[in-house]
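Here the structure comes first, spelled out in structure tokens, and everything after it is commentary.
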Amino acid sequence: MTLPTTLLAIDDLVVEHRSPGRPAVRGVAGASLSVSPGEVVGLVGESGCGKSTLARAVCGLNPITAGSIAFDGQPVTPLGLRRRKLTGIQMVFQDPYASLNPRRRVGDQIADGLRTSGDTATSPADLLERVGLPRDFAGRHPHEFSGGQRQRIAIARALAARPRLLIGDEPISALDASAQSQVARLMRDLAVDSGAGLLFISHDLSVVRLIADRIAVMYLGRIVEVGDTAEVWASPRHPYTQALLRAVPRPDGMGTLPEELPGDVPDPADPPGGCRFSPRCPFVMDVCREKEPEFGPVACWLHEPR
Amino acid sequence: MTTLEIAALKVSIGGKEILRGVDLALEAGRVHGLAGESGSGKTMTGLAVLGLLPHGARVSGAVRLGGRDLLALPLKELNRVRGGEVAMVFQDPATSLHPMLTVGRQLTEHMRHHLGLGKAEARARAVELLGKVRIPGPAEAYGRYPHQFSGGMRQRIAIAIALACSPKVLIADEPTTALDVTVQAGVLRLLRGLCDELGLAVLLVTHDLGVMSAVADEVSVMRDGLVVESGPRGRVLREPEHPYTRSLLESLPDAEAR
Ligand SMILES: Nc1ncnc2c1ncn2[C@@H]1O[C@H](COP(=O)(O)OP(=O)(O)OP(=O)(O)O)[C@@H](O)[C@H]1O
Ligand SMILES: Nc1ncnc2c1ncn2[C@@H]1O[C@H](COP(=O)(O)OP(=O)(O)O)[C@@H](O)[C@H]1O
Ligand code: SF4
Ligand SMILES: [Mg+2]
Ligand SMILES: [Mg+2]
């Protein structure tokens, strides 16, 4: 069997949130992105830019307004929870308190995942061991663990279902710094070792770059830059990516205040015309206000492909 | 000049020693950064200063402010100090903001309670404070509710409330940890500016050594309830003396990339 080169293909995806009496909010406004087997793609961007909306659409939890999502060559359509378990996509959320059942032993919750995949050779304790926890934790309840430990349990449960695509939606942002890089690396190693793809969502570029092969930067519903992690980190091309990197304070002991990006993320119900970043961009030109740069890998008129 | 001095502070809860003799001095117009991994006792140090330790905590040592020991003050006097001379900002602005009250009401209630200001006076000062923390359209923002602001603005409002009664000491526990880096940059600049302009003595608790490097003048590093290293920012971050500080710095992404 040959593996397909693309596991997940998102093409010009639009996802709208509709609520009565209010204009539709375009959480995702024409985003394209792909993930290959064994590949780790980091998705970064400010709060509210549409990362979770995109992730939920990939899992079939948000209806698609326009564009397409294909998993393994098959279109993803909104699904009931039970069928979703069979699709080979698993998600790990920001708050493991909310996603783990407080009343059930963690071993039983991991066993649910093993049943999904029909895995009878692996025990919940084996999975706990793989995420770096003692085997006898299986008999305990979620409240007996720290935030970092709970997140490891949530990862063990997701892995038990043997997903081919693992999605982490801010899986580390509730953890403290030392646990953050450990858990991020753990997710990477476990996904890559099993040949699965990993879409890792975070607002923290400095952690994403530790584990991602490629980085996608999202702004107001669109992917504005995609590239190899090392290249994006060393020489970001989109003005928004540049601003994100300049805002990361460096631990060099020099007392340099990070640079502020003026203004807030605009309202996705009423996005600015032309380039969505134009009201905050230091390099804005006339064309930017008139026409949206609808191309990649860098969606900016300064980087128009020839 | 030392504004607030923490000396030999010990705290135990349920027989477990959480702080084992912490010494720290906060100076006017200086930001003192407190680093250390989760569970090392950073938050407990801040809470002890404010007399906000969990029920049943046993405390010893001294917290000196203007000739008094805060640990020995009667509750009524301590309440006057807390939110007056000593103010605080937490990681999650939701902790400090009431969701059902307008921003203006929360700001003025504080001032009228602590400073005994009249209605109009309090309102004028509230609008001035909102402007100072750079909330756009402060007069109009006065009448709005917390949920109508973004996360970064909510944290700025929490800072405005903390500043309402002209404190001498500000304790900020992970004030930017929940924010995006772009928003964090603005809040850090604000904190630094207020410290310089108002001569505040700031205790900045953060596990982020990048944040520490950006705004702290002095840095102390905690581990297992003790301060293991303390000194000027540049020295501690560039030439750490304690092996634990070195290990914290070495665990940073940039150290690994080499
Ligand atoms: N309410 C409580 N009762 C008993 N022990 C507590 C309580 N709160 C905290 N502790 C313990 O006190 C110690 C220090 O906790 P503290 O919250 O001050 O750490 P911290 O450095 O602020 O950590 P973090 O970065 O996670 O906030 C830890 O061992 C913790 O388990
Ligand atoms: N259920 C919903 N109803 C209406 N708007 C929503 C809903 N969920 C998210 N949004 C809006 O969609 C945009 C993208 O949100 P989200 O994907 O959650 O962002 P992120 O995960 O990057 O923080 C935001 O403006 C958010 O307010
Ligand atoms: S298209 Fe124009 S406004 Fe948009 S990011 Fe590029 S230079 Fe800035
Ligand atoms: Mg989200
Ligand atoms: Mg803390």
Side-chain angles (χ1 to χ4, degrees), chain A residues 44-49 51 94 146-149 170 173-182 184-185 202-211 219 229-230 233-234 240-267 277 280, chain B residues 31 33 35-40 42 91-92 134 136 149-153 174 176-193 206-217 219 231-240 247-249 251-257:
Chain A
V44 299
E46 284 166 286
S47 156
C49 74
K51 307 181 294 295
Q94 170 168 358
S146 75
Q149 289 170 332
E170 304 265 6
S173 49
L175 309 178
D176 70 89
S178 49
Q180 280 190 352
S181 39
Q182 284 168 12
R185 253 182 265 254
S202 174
H203 64 268
D204 190 346
L205 248 167
S206 49
V207 177
V208 167
R209 85 178 171 104
L210 289 180
I211 63 155
Y219 185 78
T229 301
W233 183 261
Y240 174 63
T241 316
Q242 293 170 356
L244 270 186
L245 283 170
R246 275 198 306 268
V248 177
R250 316 273 156 157
D252 54 9
M254 302 300 285
T256 315
L257 284 163
E259 261 182 65
E260 196 171 351
L261 173 60
D264 284 306
V265 180
D267 183 357
F277 190 55
R280 301 169 86 185
Chain B
V31 175
E37 67 192 0
S38 172
S40 58
K42 308 179 298 290
Q91 171 167 341
D92 182 0
R134 296 209 305 288
F149 296 89
S150 70
M153 287 205 257
E174 305 274 6
T176 60
T177 304
L179 307 176
D180 287 323
V181 280
T182 46
V183 177
Q184 164 173 282
V187 173
L188 292 179
R189 287 178 165 262
L190 173 68
L191 272 178
R192 183 71 249 183
T206 177
H207 65 254
D208 184 330
L209 296 177
V211 166
M212 196 63 92
S213 169
V215 285
D217 299 299
V219 173
R233 169 195 66 226
R235 211 271 299 140
V236 175
L237 293 178
R238 285 203 301 267
E239 296 144 30
S247 76
L248 279 184
L249 284 162
S251 73
L252 292 172
D254 278 307
E256 272 168 36

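Contact record, A/G253 with B/S213: N-OG, 2.8 Å, taken as the closest heavy-atom pair. Closest of all the heavy-atom pairs between B/A185 and A/E260 is CB-CA, 4.0 Å.
Partners of B/D217 by salt bridge (Lys or Arg N to Asp or Glu O under 4.0 Å), not counting sequence neighbours, listed by chain and number: B/R192.
Side-chain contact between A/L244 and B/T182 is present, with at least one heavy-atom pair separated by less than 4.5 Å.
Listed for the B/R189 side chain is no donor-acceptor partner under 3.5 Å among the backbone atoms of A/E259. For the pair B/D180 (side chain) and A/E46 (backbone), a donor-acceptor distance under 3.5 Å is absent.
Screening B/L188, B/V181, B/V211 for a side-chain contact (heavy atoms from CB on, under 4.5 Å) with A/P258, the sole residue that qualifies is B/L188.
Between the CZ atom in B/R233 and the CG atom in A/D252 there is a gap of 9.0 Å [rounded to 0.5 Å]. Considering CG of B/L191 and CG of A/L257, their distance stands at 10.0 Å, rounded to 0.5 Å.
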